[in-house]
Amino acid sequence: MNLNSYSFASDLDDFMPKLASLPVEWDGKACVLELKEADYNWKQMEWWAFYFEFKVLQKLKNICSIPGDRIERVEFDMKTQINWDIKAKAIKSDDHKVILNDTIAMQESISNHGFHGEIIGLCDVEYNDRNRSFQRWHTELKGGLSQYEIKRMAGPSTFSRYRKTSAVLSEIIYILFDENDLEKLNQMNQGRNSNDKPRPPKYMLDLEHIDDFQHEKQEI
DNA sequence: ATCATCGAGGAGTTTAATGG
DNA sequence: CCATTAAACTCCTCGATGAT
């Protein structure tokens with residue numbers, strides 16, 4: 001394999017025109033229904049992030065392999081000559097850090113192909129579900145509370161994360177990492193899994209330091 | 001003394017694969 | 001077939017610290 005033959009610019013030339021036609025204003029209910037229609041993660045709490053992933057894959061399916069490489073238990077979203085993963089980030093949140101992928105898997109991805117890419121959708125999200133009406137609608141669509149939720153409500157912690165009711169896609173960032181970049185990233189220890197077992201760390205990108213990396217921005 | 005900010009660590013949910 | 005495990009997608013709270 002020739003690691004020098006990869007061209008970031010060429011991937012961008014392919015991606016950017018296609019993603020320019022992504023939907024921009026995402027209504028929560030409409031998006032969940034669209035995901036349900038496609039049977040694609042429509043019950044998820046972070047529906048907007050799955051929606052972004054879903055639409056990007058839909059636009060790029062003819063020019064990428066889906067999914068990408070699988071490394072141990074980790075599977076990347078798609079692949080050209082290199083692996084790509086698709087992330088969404090709420091831009092109005094307190095921190096400006098994007099959780100990326102498993103540290104070992106990213107290292108492996110880079111040593112196999114020379115580079116690793118991430119497509120990050122920045123969204124202006126509405127957290128106005130104070131009265132939980134969207135959440136109630138979603139729960140009803142799902143056919144009631146899940147076992148996981150019932151268990152949580154029986155425990156000491158009874159807070160359920162606020163839902164986003166809508167999102168507006170404002171910018172897409174394409175970023176490329178090589179082997180020297182990884183040490184510049186923060187790490188995110190994911191705490192526990194849903195079954196209380198610990199999870200291995202992921203890399204995390206501070207958007208304030210994005211100039212340390214090769215990247216391209218696309219305004220929507 | 002009080003307020004804003006930051007990082008660490010804990011949390012919230014579903015799904016697919018595995019094991020019995 | 002049901003239970004368990006560990007992926008996926010991220011956010012939120014809390015205590016320490018520095019600023020007013």
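Residue numbers begin at 1 in each chain, while the letters A, B, ... track the order of the sequences.
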Just the rounded figure in Å: distance from C1' of C:dT10 to CZ of A:Phe52. 14 Å
Interatomic distance where NZ belongs to A:Lys164 and P belongs to C:dT10 [whole Å]: 10 Å
Any base atoms under 4.0 Å from A:Asp85, or only sugar-phosphate, or nothing? Heavy atoms, all strands. sugar-phosphate
For A:Phe213, does the six-membered ring have the charged nitrogen or CZ of A:Lys184 within the cation-pi criterion, i.e. under 6.0 angstrom from the centroid and within 45° of the normal? yes
Mind checking if A:Trp47 touches a base, just sugar-phosphate, or nothing, with heavy atoms under 4.0 Å? nothing
On the 0 to 90° scale, with breaks at 30° and 60°, tag the A:Phe115-A:Tyr6 ring pair as parallel, tilted or perpendicular. tilted
Would you mind telling me which residue lines up with the more 5' stretch of DNA chain B, A:Glu149 or A:Lys97, judged by nearest nucleotide? A:Lys97
Here the distance between atom P of C:dT10 and atom NZ of A:Lys43, to the nearest Å, is 20 Å
Quick one: do A:Trp84 and A:Phe76 satisfy ring-ring contact (aromatic ring centres under 6.0 Å, His included)? Show the steps, please. CA-CA 6 Å; A:Trp84 289 86; A:Phe76 296 111; over 10 Å; no
Atom CE of A:Met45 to atom C1' of B:dA11: distance rounded to whole Å? 9 Å
Does a side-chain N or O of A:Ser160 approach OP1 or OP2 of B:dG12 to a distance below 4.0 Å, or not? no
Is A:Arg161 side chain donor-acceptor paired with the B:dT13 base, going by distance under 3.5 Å alone? no
Reckon A:Arg163 has a side-chain N or O less than 4.0 Å from the OP1 or OP2 of C:dC11? no
Spacing between A:Lys142 atom NZ and B:dT15 atom C1', to the nearest angstrom: 13 Å
What is the distance, to the nearest angstrom, from the CD atom on A:Glu46 to the P atom on B:dT15? 14 Å
Looking only at side-chain N and O atoms, does A:Lys89 come under 4.0 Å of OP1 or OP2 in C:dC11? yes
Reckon A:Val74 touches a base, only the sugar-phosphate, or nothing at all at heavy-atom distances under 4.0 Å? sugar-phosphate
Rounded to the nearest 0.5 Å, how far does NZ of A:Lys97 lie from NE2 of A:His209? 8.5 Å
Gap between atoms CG and C1', on A:Asn41 and C:dT10 respectively (whole Å): 13 Å
Close side-chain approach of A:Val74 and A:Met106, heavy atoms under 4.5 Å: no
Rounded to the Å, how far apart are A:Ile99 CD1 and C:dA8 P? 12 Å
What nucleic acid atoms does A:Asp39 come within less than 4.0 Å of, heavy atoms only: base, sugar-phosphate, or nothing? nothing
